[in-house]
Amino acid sequence: MNFDTFPFLSSLVFLPLVGALVLYLLPFFRPDHDEHGTLSRGFALFVSLVVFAISLLMLTHFDAADSGYQFSERADWIPYFGISYFVGLDGISVWLVLLTTFLMPLVVIASASVHKKIRGYLASMLVLETAMIGTLVALDVFLFYVFWELMLAPMYFIIGIWGGKRRIYATLKFVLYTVVGSLLMLVAIFYVVWRFYEQQGHLTFLLDELQMYTNLTRKEELWMFAAFALAFGIKVPLFPFHTWLPDAHVEAPTGGSVVLAGVLLKMGLYGYIRFAYPLFPRAADAFAPYIATLAVIGIVYGALVAWAQSDIKKLVAYSSVSHLGYCVLGFVAFNAVATSGAMYQMLNHGISTGALFLLVGVLYDRKHTRLMADYGGLAAKVPLFAFLFLVFTLSSIALPLTNGFIGEFLILTGSFKTFPVLTVIGTTGVVLGAVYMLTLYMKTMYGELDEGKNGDLTDVNGRELATFLPLLVMVFWMGIYPQPFLSRMEPTLNAYFSAVAERRAALNVYENDVAPSQDIVLEREHQQARPVRESAAQPNLNRAVEG
Amino acid sequence: MVPVTYYLTLSALMFTLGIVGVVIRRNAIVVFMCIELMLNAVNLSFVALSRLVGNLDGQIAVFFVMVVAAAEAAVGLAIIISLFRSAKSVETSDANQLNG
Amino acid sequence: MEQNGVTALGYIPLFPLIGSVLAFIIGRSKRDAAGWIATLASAMAFAVVVALVMAMPEEAEYYYRAFTWFSVGGFTLDFAFRFDHLTAVMCLVVTGIGSLIHLYSVAYMAEDEGRHRFFAYLNLFMFSMLLLVLGANLLVLFVGWEGVGLCSYLLIGFWFKNLSYAGAGRKAFVVNRIGDAGFLFGMFMLYRQFDTLDFAELAQAISVNASPELLPLYFVVALCLFVGATGKSAQIPLFVWLPDAMAGPTPVSALIHAATMVTAGVYMMARLNFLFDLAPQAQAIVAIVAVFTAMVAALTALTQNDIKKVLAYSTVSQLGFMFMAAGAGVYWVAVFHLVTHAFFKACLFLGAGSVIHGCHHEQDMRHMGGLWSKMPITAATYGISTLAIAGIYPLSGYFSKHAILAALEGGHNPALEGLLELLVPMASVTAFLTAFYMTRSFAMTFLGSYRGHAHPHESPLRMTAPLIVLAGLALVGGLWLGGTLPHYLAPVLGSPAEHGHESIIEGLMHSWIGIAGIGVGLLCYTSLSQIPATIYRVIGPLSTLSLNKFYFDELYAAVVVKPLEAIARVLFRVVDQGMIDGAVNGTAAVVDVSGEVARSTQTGQVRHYAFFMFVAALLMLFLFVFAGRV
Amino acid sequence: MTALFFLVALVLLISAVGVVASRNAIHSALFLVGNLMSVAVMFAMLNAHFLAVVQVIVYAGAIMVLVLFVLMLLNIKLENQPALGKLVIGLAGLGGLAFLWMMVPLLQRSFAAIPQSAVDVQGSVREVGKLLYTQYVFPFEAASLLIMAAVVGAVMLAKRRYRA
Amino acid sequence: MTTVGLKDIALSSPVLLIGGGSLLMLLVDVFMGKREWPRAFLAMAILLVALISLGVFYPPFQAGVMAFNGFVYADVFSWLITLLVLFGTMLTVLIGMNVLEQEGIESPGEYYSLLFMATAGAIVFATAAELVTLFIGLETMSMALYCLCGAALRSRRSSESALKYFLLGSFSSAIMLYGIALLYGITGTTLIEPIAEALSRTDTVLAHCSLALILIGFVFKIGAVPFHFWAPDVYEGAPTPVTAFMACVIKTSAVGAALRVLWVGFGGQVLFWSGTIWYVAVLTMILANLVALRQRSLKRMLAYSSIAHAGYMMMGFLSRGTQYDGGAAILYYLVVYTILTVGAFSVVLAVTAKHSANPHSDDISRFYGLAERNPFLALSMAVFMLGLAGIPPGMAGLLGKFYLFSAAVKANYVGLAIVGVLCSAVSAYYYLRVIVAMYFRESDGAEKFELLEPSVALGSVLTLCVIGAVFLGIFPSALYESAAAAMVHF
C-alpha cells in the first residue's frame with residue numbers, strides 16, 4: 001500500500017460522510033436497539049479516529065519544503081462549465097485540516113451529555129466534518145462554495161435540535177446571516193468567471209487559472225473584493241457582523257460550540273487568505289487599513305463586552321471575537337511574521353477556546369446553568385477541573401510557554417511594522433483579556449463554596465479527562481516548540497506573498513494600458529456579434545437594470 | 001368598400017367595453033358574457049384583418065375561437081352552477097374565502 | 001561571544017521545574033514530601049550556580065542554546081541562556097536566598113493542607129525567575145517576566161477561599177500585565193529597528209548606529225521598558241499591587257516581594273545598560289520617579305500598623321533607591337543595593353513571619369510588643385536587619401545606600417544637572433524616614449510590654465536558622481561585596497569610578513542620618529510614647545494622606561476601573577444589543593412588514609384581481625407603445 | 001354600403017353597452033344576443049359568409065340559449081348590492097378610455113399604411129373547409145380534444161350527486 | 001406540404017396517444033366500478049406507452065424540424081418539454097393514486113381523463129409552431145384545469161378556485177388572442193417563423209403592442225407578478241394533486257411556449273421586451289418571496305414559492321447566447337423545480353390528506369414534531385425545502401440557481417442577479433421555517449393528526465424525488481448538456 005498514490009484528501013473528505021450516512025440510515029432498516037446510543041457513539045468515535053489517523057499519516061508525507069499544492073486530486077465534475085473536483089493541500093490549509101480532524105474525536109467523546117436523538121447528532125457532526133475539510137481543501141471556486149454552504153445545514157440542525165431555549169432564533173440568525181453573505185459572494189464569483197470567459201475564451205472555476213488571468217479594473221476589483229470580504233467578514237466574525245456569534249454559541253450544545261469556535265470561525269479568515277487576497281490584490285491593499293481598524297475595534301470591543309457578561313459561554317464567545325480580531329489584524333498586516341502568527345493563532349484559538357467550551361460543558365452537564373453567579377469557590381471542590389480551567393485560561397490570555405503567546409507575539413510584532421498605532425491599541429486587548437478571563441476564573445473558582453448549590457459537584461471524570469489531555473498537551477507543545485508548525489507554513493507563505501505581489505503588478509499593467517475607461521461595473525457594454533438566427537446582438541439595457 | 005380601420009376601431013371599442021364589463025360587474029355570468037363580448041371583438045378584427053391581408057387564416061382562427069368560446073361557455077356555466085350549489089350565490093364578491 | 005554550549009546552564013532552571021512538577025504530583029499523596037523536594041531542587045540549583053561561578057574563568061561568558069524557539073520569515077529566535085557575571089550575581093541571590101526561604105517555608109507551612117500546591121508554585125516561581133535572569137534574549141527574559149507574574153498571582157491568591165486575597169492576586173497580575181504591555185512595545189520597536197532581540201546582537205547593533213536620529217527611538221524604547229519595570233518592580237504608577245500582595249503567605253512575600261521578582265526591573269535595566277546610556281533623558285525620568293516613589297512609600301510606611309505592610313512599603317521605597325542608582329547611570333551600585341536589600345529585607349520578612357507564626361497569625365503591631373524576651377533570636381536578627389536597612393556603618397545597608405547617594409551626587413547623567421538640588425535632599429530625608437519607621441516597627445513589636453492575648457513562643461530551628469544566616473549576610477555583606485562587586489561586574493556594567501577606602505570613623509560619620517533616625521524612633525516609641533500622637537495632630541492632613549496610602553487605589557478605581565466597567569456595560573447593552581442587533585432584527589422586521597403590505601393586495605375578490613391585471617396591462621402597453629425602448 | 005356599416009355598428013355598440021350596464025342579468029343576456037347578431041351581419045359584409053352562419057348558429061343559438069337556461073335555472077335576481085360602485089366605474093372607465101386613446105390612433109396609423117391586398121378573399125364554406133382539413137388539420141384535432149374536455153368537465157361539475 | 005404524412009404522426013405521437021388515452025379512460029371507466037386503483041394503473045399504462053413512443057420516434061438533431069406542415073415543432077426542445085410534461089403528469093398520477101377519495105374527488109374516471117386532456121393540451125401549447133394552435137393548446141389545457149380545480153365538488157373552496165381561475169384565465173387569454181389578431185394583421189400569418197421574418201422587415205409600433213398583449217397571456221399562465229393574483233388562491237383551493245400538476249406541468253409548458261414565442265417569434269425585438277421581462281422578474285422575485293414570509297398555510301406558501309421560482313426562471317429569458325445561455329438553465333431548472341415541488345406537495349398531501357375537509361388542514365402547526373412521528377417524511381421534506389432554498393444538501397436546487405444566476409451575470413444583468421440572490425436568501429427563511437417546525441419544535445398535542453400511512457405510490461414518488469433532488473445536483477452534466485444541446489438547435 002504505497003502512500004504516494006493513496007487519495008488522502010478525498011478519503012478525508014468523504015469518509016465522515018459515509019460514516020454519517022451509515023450512522024443515520026442504518027436504523028431505518030433495523031429498529032433502534034441501543035437506546036442510550038453507546039453503539040452509535042462508538043461507531044462515530046471510530047470513524048473520527050480513523051479520519052484523524054489518516055490525517056496524521058498524511059502529515060508525515062507532507063513535504064515541508066514544497067510551497068505548492070500537495071496530495072492534489074483532480075476529476076471533472078461539471079465539465080461543461082469548467083467545474084472540476086480539484087482538491088489540494090498546502091502550508092496554509094494543512095494545519096487547519098489537522099485541527100479539524102483533531103477536534104472532532106474530542107467532540108464525539110464529549111457528546112456523552114447528549115441523549116436526545118444521539119444518532120442524528122453524531123451524523124450531523126460527521127457531515128459537518130466533511131463540509132469543513134472539504135472547504136479547506138477545495139481549490140475549485142464552486143466546489144469551495146458548495147462545501148462552504150454545506151457547513152450551514154449540519155450546524156443549523158445541531159444548534160436547532162440540541163440547542164438551548166432560544167435556539168430557533170439563534171440558528172435562524174446564524175444561517176440567514178451567512179447565507180446572505182455567501183450568496184453575494186456567489187454573484188461575485190460569477191462576475192469574475194465571466195470576465196475570465198470573455199478574456200480567455202473558455203470557462204473555468206479553477207482558482208489558479210482565475211487568479212492568474214482574470215484582469216479586472218480597479219473599480220471592479222473593489223466591488224468584487226467587497227462582496228468576498230463581506231461573506232468572509234460575517235464568518236470571521238469581523239466587528240460589525242459579529243452579533244450572531246454570542247447567540248449561536250450560547251444556544252449551541254457543547255459539541256456544537258466547540259466545533260463552531262474551533263473550526264468554523266477560521267473559515268472566514270481562510271477565505272480571505274485563499275480567495276479574496278489572491279484574486280483582488282489591489283482592492284485588498286485599499287481595504288487593508290479599514291479591515292485592520294475593524295479588527296482592532298473587534299479586539300478591544302470584544303474584550304470589554306466580554307467583561308460585562310454574566311453568562312460564561314457568552315463571555316467566551318465575545319473573547320473569540322477579540323481573539324479573531326488579532327488573527328485578522330495579523331493577516332491584514334500582510335508580512336511574513338504577522339501572517340504566520342495569524343495562522344498560528346487560528347490553531348491556538350481553536351484549541352484554547354475549544355477547551356474552554358468543553359470545560360463550560362462539563363459544568364453545564366452537572367449544574368445546567370451557565371451563569372457565573374451560580375458558581376463560586378469550586379477550586380476546593382473540584383481541584384483537577386480548576387487546574388485544567390487555569391491552564392486553558394492562561395493559554396487564552398496568551399501567557400508565555402502556552403500556545404497563545406507565540407501566536408499573539410508574532411501577530412503583534414509583525415503587525416507593528418505595518419500598523420504601529422493600531423497594534424498599540426490592539427495590545428491593550430492583551431491586558432483586557434487578562435482582566436475578563438481572570439475575573440471569570442476568580443468568580444467561579446475562588447471565594448467561598450456554597451455547599452447548598454455546588455456541594456455535590458463531582459470532579460472531571462475519566463471520559464472528560466480524555467478530551468482535555470490532548471488539548472493540554474497541544475497547549476504546551478505548541479507553546480514551547482512551535483517550530484514544526486511554523487516551518488511547514490513558511491514556504492507556502494513566501495510563495496503566497498510573491499504570487500499576490502506579482503498579480504498586483506500584472507493588474508497595474510493591465511489597468512493603465514489595456515482596460516478601456518470603465519465607469520461603474522454594471523455599465524460594461526459588450527457587443528457580441530451572433531448569427532441573425534439567434535437574435536439581434538445581445539445589448540444590455542442597463543438603464544433598466546439601474547431602475 | 002368600408003376601410004378596414006373602421007372595423008378595427010369598432011372591435012377595439014367593443015373589446016374595451018368587454019374589459020370594463022369584466023372589471024365592473026359582480027355577477028359571474030355577466031362577467032362571463034363580457035368575456036364573450038371581448039372574444040367577439042377579436043373575431044371581428046380577425047375577419048377584418050383577414051380581408052386586409054388577403055388570406056383565409058384569419059377566418060380559420062375565428063372558427064377556432066368560436067370553438068373555444070363554446071367550450072368556455074359549457075365549462076364556465078358548469079363551474080358557476082357547482083359554485084352556486086355550495087355558495088348559494090353567483091356574486092364573485094362572495095367567493096372570497098381564499099385570500100391573504 | 002564564543003559558543004561554549006555549557007549544558008549545565010540548562011540544568012539551573014531545569015531543577016526547579018522538575019521540583020515543581022514532582023512536588024505537585026508526589027505532594028498530592030504525601031504532603032510533607034513536597035516541601036523537602038522543593039527545597040532540595042532549589043538547593044541543587046544553587047549548587048550548580050556556585051559550581052559554575054567557581055569554574056568560570058575571569059572575563060568569560062557561558063552561552064547555551066537549548067533549541068530554536070521559532071524562525072519565521074527571517075526572524076529567528078533561540079531559546080538560549082547566557083551566564084555572565086551579572087547573571088551569576090542574580091542567580092546566586094535567587095537560588096541562595098530561595099533555598100533558605102524554601103527551608104523556612106517547610107516549617108512555616110507545616111500544617112497548611114495545600115502546601116504541596118504552595119511548594120509547586122514556589123519552585124515554578126524559581127524556574128521563571130531563573131529563566132528571566134538567564135535569558136539570552138529579550139523574549140526569554142519576557143517569558144520569565146510573565147512567568148513570575150503568574151506565580152506571584154498564584155501565590156498571592158494561595159488562600160483562595162478568601163475572595164479579597166484572590167482579588168489581590170488578580171490585581172497583581174493585571175497591573176503587571178499593564179507593565180508588560182509597555183515592555184512589549186519596547187520589544188516591538190527594537191525588533192522593528194534591529195530585527196533581533198538577542199542582547200549581544202542588540203548591544204552590537206546599537207553601538208554601531210548610535211546616530212542622532214535614532215536617539216528619540218532609544219528614548220521611547222527606554223521609557224517603554226521602564227514602564228514594564230515599574231509594573232514589575234512596583235514604582236510610582238504601578239506599585240499599588242505590592243501592598244495588597246501581602247495577602248499571600250509570608251515566605252512568598254519574602255522571596256517574591258522582597259528578594260527576587262521585584263528586582264527584575266533593576267536587572268533588566270542593568271542588562272540593557274547600553275541602551276539606557278544612550279537615553280539620558282529616560283534615565284533622568286527613571287531617577288525622578290524613583291525618588292518620588294521612595295519618598296511616598298516611606299511616608300506611607302510611617303503610619304502602617306500591619307507589620308507586613310510596613311515592610312512592603314519599605315521594599316517599594318528601597319526599590320526606589322535602586323532605581324535612583326540606575327537612573328544616575330551607576331548600575332553596579334543598583335545591583336549592589338539589590339543584593340544587600342535581598343539579604344536584610346528577606347531577613348526582616350522572615351522575622352515578621354516567625355513573629356506572626358509565633359503570635360498565631362497576628363499581624364497588627366498594636367497587638368504585639370515585648371517579644372524581645374519571648375523570641376530572642378527573631379528579635380536579634382530583626383534588630384540587625386533594621387540597623388542594616390537604616391544604613392548604620394558596618395552593616396551592608398550603609399555601604400549600598402551610601403554608594404547610591406554618592407552616585408546620585410556624582411551626577412554621571414547630564415540630564416540630571418538641574419534636578420540634583422531637589423533629588424539629593426529628598427533621598428536623604430527618605431533615608432532618615434526609613435530608619436525612623438523601621439525603628440518604629442522594631443520598637444512596637446519587640447520592645448515595651450506584650451499587648452496581644454496569644455502567648456508567643458520562639459519559632460523552631462528550621463525557621464530561625466535561615467534568619468541567622470541572613471542576618472549574618474546583612475552584617476558582613478556590605479563589607480565583602482562593597483569591595484569585590486564593582487570589579488566583578490565591570491565586564492558587564494563597565495568599570496566603576498575609584499573611591500578611597502573609608503575608615504571606621506568616617507563610616508560612622510556618614511551614617512549619621514541612620515543613627516538620627518533610629519534615635520528619634522527609639523525616643524518616640526519607647527519612652528515618650530505620646531509624642532507620635534501629637535505629631536500626627538500637628539501634621540494632620542499629611543498623616544491622613546499617609547494613613548490612606550495617598551489614595552492611589554481610590555484614584556485608579558475612579559479614573560480607570562469604574563469608567564471601563566461602565567463603558568463595557570454600555571458597549572454591551574447599547575451598542576451590541578441595541579444598535580447592531582437592533583439593525584439586524586430591524587431589517588428582518590422591515591422585510592416582514594413589507595411582506596404584510598404585499599399580502600394585502602391578495603384580497604380574494606376576483607374583481608380586484610381583474611382590475612389590478614387591467615392596470616398592469618395598461619402600464620405594459622404604455623411602456624411598450626410610448627417609451628418605445630423599455 | 002358604409003351607411004349599412006354605421007347602422008350595424010351602432011346597434012352593436014348599443015347592445016354591448018347594454019350587456020355591461022344593465023342590472024338585470026337576463027337583460028344583459030338578451031343584449032348580448034343582439035350584439036352577436038350584429039357581429040354576424042358584419043361578417044357577412046366582410047363576405048365571411050360561412051362564419052356569419054356559424055356565428056348565428058353557435059353563438060346566438062347554442063351559447064346564449066345555454067346562458068339563458070342557466071340564468072333561469074338559478075333564477076338570478078337583480079344584483080342585490082349596488083352593482084356599480086362609483087369609484088370602480090370611474091377607474092374602469094378611465095382605464096378603458098386610456099386603452100382606447102392608445103390603441104385607436106395606433107391602429108389607424110399602422111393599418112392605413114398597409115395596402116389592401118388585391119385578392120378578394122371569399123370566406124365560403126368550401127374555401128374554409130378546404131383550408132381547414134388540409135393545413136389546419138392539427139389544430140382541428142386539438143380543438144376536438146378541447147371540446148371533449150369541456151364536455152367531460154361540465155358533466156363532472158354539474159352532475160347532481162345521488163347519494164344515500 | 002399539405003398532406004399529413006406518416007412522419008408527422010410519428011413525430012407528434014405522444015400528443016395523440018395521450019389524447020386517445022384520455023378518451024380510452026372515459027370508455028373503460030364504466031366497467032371499473034367503484035375501486036380507484038384499476039383506473040390509476042390504466043393511467044400509468046397510457047403514460048408509459050406515450051413515453052415509449054416518445055423514445056422510439058426520436059427526432060433528428062437539427063433545427064426547425066416541423067410536423068403537421070409547420071404547425072408543430074418536433075425539434076429537441078419540444079421533445080424535452082414533452083418528456084418533462086409526461087414526467088410531471090406521471091408524478092401527479094402517482095401521488096394522487098389512492099388519495100383522491102380524501103381529497104374530495106368523487107369521480108376518479110373523469111379526473112384521470114381530464115388530467116390527460118390537460119397534459120395533451122400542455123404538450124400542444126408548448127410545441128405549437130403556430131399561434132392559433134398555441135391558443136387551442138392553451139385553452140384545452142385551461143378547460144381541463146378549470147374542471148379539475150373544481151373537482152372536489154363538496155368543498156366550496158375548490159369550486160371558488162375553479163371560478164376564479166376560469167374568469168381570470170379566459171380574461172387573459174382573450175387579451176392574448178387580441179394580441180395574436182393584431183400580429184396577424186401586421187405580418188399576414190400566424191406561423192411563428194414567418195412572423196419573425198416579417199417583423200424583421202416591418203418593425204412598427206403596433207407589433208410591439210401586440211407583443212405586449214401576447215406577453216400578458218404568457219405572464220399570466222406562468223404566474224409571474226403583475227398577473228399572479230390568481231395563483232395563490234387557485235393553488236390553495238384546488239385539490240392537492242391538481243395543485244401539484246398545475247405548479248409543475250402547466251408552468252413547464254407555459255415557460256416552454258413563452259421561450260419559443262419570445263426567442264423565435266420576437267427574437268428581433270429583444271430590445272423591447274427584455275426591459276419588461278427584467279421588471280417582471282424583479283417584481284416577481286421580490287413580491288412572491290416577501291408575501292411567502294407571512295404564510296402559515298403550507299399550500300399557499302408553496303404557491304408563492306412557485307411564483308418566486310417563476311421569477312427566477314424569467315431571469316433566464318434575458319440571457320440568450322450561443323453557449324451557457326439562459327434557455328438551458330431554464331430547462332434544467334424546470335426539471336429540478338418539478339421534482340422539488342411535486343415532492344413537497346406529496347409530503348403536504350401525506351400530512352394533511354386525512355383532514356383535507358376543514359379549511360386549515362395544511363397549517364404549519366400540522367408539521368410540528370413530524371421528525372419524531374415519521375422520520376422518512378420529515379427527512380424528504382427537509383431535502384425538498386433545502387433544495388428550493390438552494391442550500392447544499394439540496395444540491396439540485398443549488399445547481400439550478402447556479403445556472404440561472406450565472407446566465408444572468410453572463411448577460412451582464414449583475415443587478416438582477418444580486419436581487420435574485422437576496423430574494424433567495426429571504427426565501428431561505430420560510431423554507432427553513434418548515435424544517436424548524438418539523439425538527440426543532442416538539443409535536444405538542446399534534447398527535448391527533450395521524451398521518452396517511454405512506455402507500456407504495458407515494459413512497460416511490462418521495463424516494464424518486466429525494467434521489468433526484470440530491471443526485472441531480474451532484475451529477476448535473478447529463479441533464480444540463482442535453483438541455484444545452486436543445487438550445488443550440490432552438
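Just so you know, these numbers use all the heavy atoms, side chains as well, and skip hydrogens, waters and symmetry mates. What you see is a predicted model, and the numbers here were worked out from it, not measured in a lab. Sequence lines set the chain letters: A, B, ... in the order given, protein chains first and strands last, and positions in each chain run from 1.
Minimum interatomic distance between B:Ser89 and B:Leu83 (heavy atoms only, all atoms of both residues): O-CD2, 4.3 Å. The two residues B:Glu72 and B:Ile35 have their closest heavy-atom pair at OE1-CG2, 3.9 Å. Closest non-hydrogen pair, D:Ser22 versus D:Ser28, comes out as OG-CB, 3.0 Å. Minimum interatomic distance between D:Ser38 and D:Val8 (heavy atoms only, all atoms of both residues): O-CG1, 3.5 Å. For the residue pair B:Arg26 and B:Ser93, the shortest heavy atom distance occurs at CD-OG, 3.2 Å. D:Leu46 approaches B:Gln59 most closely through the heavy-atom pair O-NE2, 4.4 Å.
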(request) Quick one: do D:Val39 and B:Met14 satisfy side chain to side chain contact (heavy atoms under 4.5 Å, CB included)? Show the steps, please. (result) CA-CA 11 Å; D:Val39 167; B:Met14 208 166 126; 3.9 Å; yes
(message) If you apply the rule side chain to side chain contact (heavy atoms under 4.5 Å, CB included), what do you find for D:Val20 with B:Met33, and how did you get there?
(response) CA-CA 9 Å; D:Val20 172; B:Met33 281 195 264; over 6 Å; no
(message) Between B:Phe63 and B:Phe46, is the side chain to side chain contact (heavy atoms under 4.5 Å, CB included) condition met? List the steps.
(response) CA-CA 10 Å; B:Phe63 172 76; B:Phe46 250 122; over 6 Å; no
(message) Set out, in order, the CA-CA distance, both residues' side-chain angles and the distance that settles side chain to side chain contact (heavy atoms under 4.5 Å, CB included) for D:Val152 and D:Met148, then state yes or no.
(response) CA-CA 6 Å; D:Val152 168; D:Met148 194 58 217; 3.6 Å; yes
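Within the 4.5 angstrom heavy-atom criterion, only side-chain atoms of D:Leu73, from C-beta onward, approach chain B. Interface residue B:Asp57: backbone and side-chain heavy atoms are both found under 4.5 Å from chain D. Contact of D:Val151 with chain B is not made at all, since no heavy-atom distance falls under 4.5 Å. Contact of B:Tyr6 with chain D is made through backbone and side chain together, with heavy-atom distances under 4.5 Å. For B:Val68, the parts lying near chain D are the backbone and the side chain together; criterion is any non-hydrogen pair under 4.5 Å. Heavy-atom distances place the backbone of B:Val53, and not its side chain, under 4.5 Å from chain D. For D:Phe31, no part lies near chain B; criterion is any non-hydrogen pair under 4.5 Å. Residue D:Phe69 does not touch chain B at all, counting heavy-atom pairs closer than 4.5 Å. With a 4.5 angstrom heavy-atom cutoff, B:Leu52 touches chain D via backbone and side-chain atoms both. If you measure heavy-atom distances from B:Leu17 to chain D, the contacts under 4.5 Å come from both the backbone and the side chain. Heavy atoms closer than 4.5 Å to chain B are found in the side chain of D:Leu32, but not in its backbone. Residue D:Ala62 does not touch chain B at all, counting heavy-atom pairs closer than 4.5 Å. Residue D:Tyr136 touches chain B through both its backbone and its side chain, counting heavy-atom pairs closer than 4.5 Å. With a threshold of 4.5 angstrom between heavy atoms, D:Ala29 approaches chain B through its backbone and through its side chain.
Your options are D:Phe99, D:Phe6, D:Phe43, and the one with the most heavy-atom pairs under 4.5 Å with chain B is D:Phe43. Of the listed residues B:Asn55, B:Val22, B:Val31, B:Leu10, the one with more heavy-atom pairs under 4.5 angstrom with chain D than any other is B:Leu10. The greatest number of non-hydrogen atom pairs below 4.5 Å with chain B, out of D:Leu97, D:Leu91, D:Val128, is found for D:Val128. Across D:Met64, D:Met103, D:Glu127, the residue that shares the most heavy-atom pairs under 4.5 angstrom with chain B is D:Glu127. For the set D:Leu12, D:Asn47, D:Val58, the entry with the most heavy-atom pairs within less than 4.5 Å of chain B is D:Leu12. Contact count against chain D (heavy-atom pairs under 4.5 Å) is highest for B:Asn40 among B:Leu44, B:Asn40, B:Leu49, B:Val62. The residue among B:Leu56, B:Ile80, B:Val23, B:Ile79 with the most heavy atom pairs within less than 4.5 Å of chain D is B:Leu56. Comparing B:Leu37, B:Val67, B:Val90, B:Ile19 by how many heavy-atom pairs each has under 4.5 Å with chain D, the most go to B:Leu37. Per-residue counts of heavy-atom pairs under 4.5 Å with chain B were compared for D:Thr2, D:Leu36, D:Val67; the largest is that of D:Val67.
Within the model, atoms CG of B:Asn27 and CG of D:Asn24 stand 9.5 Å from one another, a figure rounded to the nearest 0.5 Å.
Side-chain atoms of B:Thr16 do not come within 3.5 Å of backbone N or O of D:Leu100 as any donor-acceptor pair.
Remark: the D:Gln55 side chain and the B:Asn43 side chain contain no N/O donor-acceptor pair separated by less than 3.5 Å.
With sequence neighbours left out, the side-chain hydrogen bond (donor to acceptor under 3.5 Å, both in side chains) criterion links B:Tyr7 to no other residue.
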